[in-house]
Amino acid sequence: MRSHSRFARLGSSGLPAILAYLSVSLLCATARAEVPLNGLTESEKRGGWRLLFDGKTLEGWRNYRKRDVGPGWQVRDGAIVRVADGAGDLITKDQFQWFELALEYRIGPGGNSGVMFWVQETDPAPWMTGPEVQILDNKLGRDPQKAGWLYQLYHPVKPDWARRFERQVGFQSPEIVDATKPAGQWNHLYIRVSKTQGEVCLNGISYYYFVIGDEEWNRRVARSKFARFPRFAKVPRGHICLQDHGDPVAFRNIKIRELPEDGSVPDPVDGELPVRLVQAFPKLRWEGWNPVTEQGKVKPMRPIEMVPAPDDSNRLFVATQSGVIYCFENRQDAPLAHRVLDIRDRVRDFTKENEEGLFGFALHPRFRENGTFYVYYTTDHEPHTSIVSRFRMRRDEPNRADPDSEEIVMRIEQPFANHNGGPLAFGPDGYLYIALGDGGGRNDPLRHGQNLRTLMGSILRIDVDRAEPDKGRNYAIPRDNPFLDRPHARPEIYAYGIRNVWRMGFDEHTGLLWVGDVGQDLWEEIDIIRKGGNYGWSIREGSYAFGNDPTPPEDPPIDPVWEYDHRVGKSITGGYVYRSQRIPELYGAYLYGDFVTNRIWALKYDPATQRVLGNYRIPSIGRPVLAFGRDAAGEVYLLVEHKNGRGIYAFVRTDGRPRGD
């Protein structure tokens, strides 16, 4: 979708080179953001995390109200292990106020333990001053307070957004989720203690939020056994404690990030580039567009794709979420964006559901000859249904498409109104790639992510130049698709284990397919998609375990190239690799951003070593990063929601002119 114009111009001399590179690169493992045992990922190193346990010694720890660690705790195989009765509670030597704590624990059958914070050594037991997050074998353990619960205070709560999506389709998930893995397996626990808001997640799933000392907190404490302890959670600083409850337990990968009072965290970057954003086309008017509806309500424009025409017209095509497609000449003083196609009569209005509408647009590589392009949209004529369709340009009007030329290529039923996915891109092989979300809901409730029997949660690859009507397909399956010979697998699938790709694009230079995959509760990730790859969802989110599905994956999950946590951003927007010569500092960098925190970055990656070289900040304009676009010269543009017709921004050097030099 994004780079087909460059591919189309390569001809017979350039294309084989890219295909050869692509075939080699897809056979290699991509660069990893993997979590080293008792180590930090590259993102965590840049993001302010540090280790509380190095995997070798108990330096930095001691027993409660003791000077050192007794023999009941030992380091074995990179873990802190309780090996004998009477081991006693283990605490950090340092004290902490506001922080995030992440660790893995392994509990024995029927076992009980806990992690406490703000522990003072004024009372006989640490739980008398420090709130405890329970650790338990939920199957055989006898305590009614389950693993991950804040003991007698908070238990898992289903978020309102999940209830809304379930209510729309009559689906009912458990009110209290249990994400724990069985005794003997490692569980990942995340605890945030912040002045603004605390949170606990277990195996990647957010359990609950809390604010220490607010009215709700005090009410719950008053009803608990802790009400009789006057110092319970009263001193906003203390030790972290690993509880000895008399049962076998082990801990590893213990890391912490201390927080200021406002809860902010460092941007995980290696510096800031001398680049800024300016209006790319300040004089542009959009034909027929009015930001005010007939009912007098303001309805902004949401540009979700911008790609160059693969011909000599120097045009850029812009697709909007409402279902209108425009084109205009790629020059700074362009006066008018022509309305190419308006299918709002069949596209679901995004003001009714934010994650529905037109989400994908791609011009055929031979657009110059056949005038065809493809769109992906949520139809307003059927409930929760996505359509991939082909349209054709009018021969007598070069800037108009025929709305009656629609040919439906694929119809996809969606179980929920979120995670509708839909980015489209033509690859250097001429096939159409389609990114589909997991179908929506919370926690992948239908287990689509690892299920090759469904199209959900996958990157599809189809041949739109052929059809297989005998098989009910208005498209064909490429003969080298990876799962053709796997029983029960859908042959359209090229890669899987995807949650909700928000924008994807091929790098014209390497042929690599980059995607930004939106996370749920803890991690956002960037992936390079390779043939037959499993990207982990929903047994992993980013590099970390997610949920407790006991089914082993059919293929080993591939680590993301890069990831960042939800204190940095909450909804990744994938972009493009910058290939213009105009800004050397950006050349070869993958530009991406975050929709919620408005941040924009440039990720520098070496395909030869398959390693990230650096992540750099680009100053933000303070608006949600909706999408990115590109032109035939390899320039990348920022696309944002707008009400004034000016939602396309160009990157320029801080000492340079807006367009050109």
Side-chain angles (χ1 to χ4, degrees), residues 21-37 39 41-44 188 203-204 421 423 425 427 433-438 444 447-452 455-461 480-483 486 489-490 492-507 510-520 522-547 549 551-565 572 574 577 590 592 603 605-612 615:
Y21 184 96
L22 181 61
S23 63
V24 172
S25 64
L26 292 179
L27 291 174
C28 300
T30 54
R32 296 181 175 180
E34 61 184 334
V35 183
L37 180 61
T41 67
E42 291 302 314
S43 178
E44 289 171 334
H188 183 267
N203 288 325
Y433 291 70
I434 307 167
L436 295 182
D438 65 2
D444 191 13
R447 295 292 184 263
H448 282 159
Q450 293 293 304
N451 184 3
L452 288 169
L455 298 179
M456 299 289 100
S458 302
I459 305 292
L460 312 183
R461 179 186 187 233
D480 62 340
N481 267 13
F483 300 108
R486 188 169 299 189
R490 291 295 298 263
E492 296 91 342
I493 296 175
Y494 184 78
Y496 68 107
I498 301 296
R499 182 175 181 269
N500 188 32
V501 168
W502 186 246
R503 319 334 301 159
M504 72 175 179
F506 283 94
D507 176 5
T510 64
L512 296 176
L513 177 57
W514 291 75
V515 306
D517 195 12
V518 178
Q520 179 173 293
L522 283 181
W523 296 99
E524 303 295 306
E525 68 182 270
I526 296 171
D527 297 305
I528 292 178
I529 301 300
R530 66 183 177 100
K531 184 178 178 180
N534 174 12
Y535 290 85
W537 180 255
S538 56
I539 57 173
R540 294 204 318 189
E541 183 183 58
S543 302
Y544 289 86
F546 184 92
D549 188 343
T551 307
E554 293 191 38
D555 304 282
I558 297 172
D559 291 310
V561 169
W562 186 254
E563 63 193 354
Y564 61 88
D565 63 70
I572 192 170
V577 175
Y590 178 69
Y592 70 105
L603 186 74
Y605 168 80
D606 182 2
T609 62
Q610 301 178 7
R611 294 293 168 187
V612 167
N615 188 50

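What's counted below: heavy atoms across the whole structure, side chains too, no hydrogens, waters or symmetry copies. Because the structure is a prediction, the values reported are computed rather than measured.
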Closest approach of Pro607 to Leu512 (non-hydrogen atoms, all atoms of both residues): CB-CD1, 4.4 Å

NE2-CZ distance between His448 and Arg499, expressed to the nearest 0.5 angstrom: 14.0 Å

side-chain hydrogen bond (donor to acceptor under 3.5 Å, both in side chains) assessment of Asp555 paired with Tyr496: CA-CA 10 Å; Asp555 304 282; Tyr496 68 107; 2.5 Å; yes

Steps toward side-chain hydrogen bond (donor to acceptor under 3.5 Å, both in side chains) verdict (Trp537, Asp517): CA-CA 10 Å; Trp537 180 255; Asp517 195 12; over 6 Å; no

Glu563 (side chain) donor-acceptor with Ser543 (main chain) under 3.5 angstrom: yes

Glu541 side chain vs Gln520 backbone, donor-acceptor pair below 3.5 Å: yes

Closest non-hydrogen atom pair between Ile493 and Asn481, with its separation: O-ND2, 4.4 Å

Contact check, side chains of Asn615 and Tyr564, non-hydrogen atoms, under 4.5 Å: no

Glu524 side chain vs Ile572 backbone, donor-acceptor pair below 3.5 Å: yes

Separation of Tyr535 OH from Glu525 CD (nearest 0.5 Å): 10.0 Å

Non-hydrogen atoms of Phe546 and Gly204 that approach each other most closely: CE1-O, 3.5 Å

CG-CG distance between Leu455 and Leu460, expressed to the nearest 0.5 angstrom: 5.5 Å

Tyr544/Asp565 under side-chain contact (heavy atoms from CB on, under 4.5 Å): CA gap, chis, key distance, verdict: CA-CA 11 Å; Tyr544 289 86; Asp565 63 70; over 6 Å; no

Minimum heavy-atom distance between Asp438 and Ile498, given as atom pair plus value: CB-O, 4.0 Å

Minimum side-chain heavy-atom gap Val577-Thr510 below 4.5 Å: no

Short N-O contact, Asp480 and Arg461, less than 4.0 angstrom: yes

Side-chain donor-acceptor pair present, Tyr592, Trp562, cut-off under 3.5 Å: yes

Interatomic distance, Trp514 atom CH2 to Asp527 atom CG [nearest 0.5 angstrom]: 10.0 Å

Val612 side chain near Glu42 side chain, heavy-atom distance below 4.5 Å: no

Aromatic contact, Tyr433 with Tyr494 (centres under 6.0 Å): yes

Heavy-atom side-chain contact between Asp549 and Asp444 under 4.5 Å: no

Ser43 OG to Trp523 CH2 distance, which is reported to the nearest 0.5 Å: 6.0 Å

Beyond-backbone contact of Thr551 with Gln450, side-chain heavy atoms, under 4.5 angstrom: no

Over all atoms of both residues, closest heavy-atom pair of Gly511 and Phe506: O-CD2, 3.3 Å

Close side-chain approach of Pro557 to Ile539, heavy-atom, < 4.5 Å: yes

Test applied, side-chain hydrogen bond (donor to acceptor under 3.5 Å, both in side chains); reference residue, Arg540; option that passes from Asn534, Asn203, Asp559: Asp559

Gap between atom CD1 of Ile459 and atom NZ of Lys531 - 0.5 Å precision: 15.5 Å

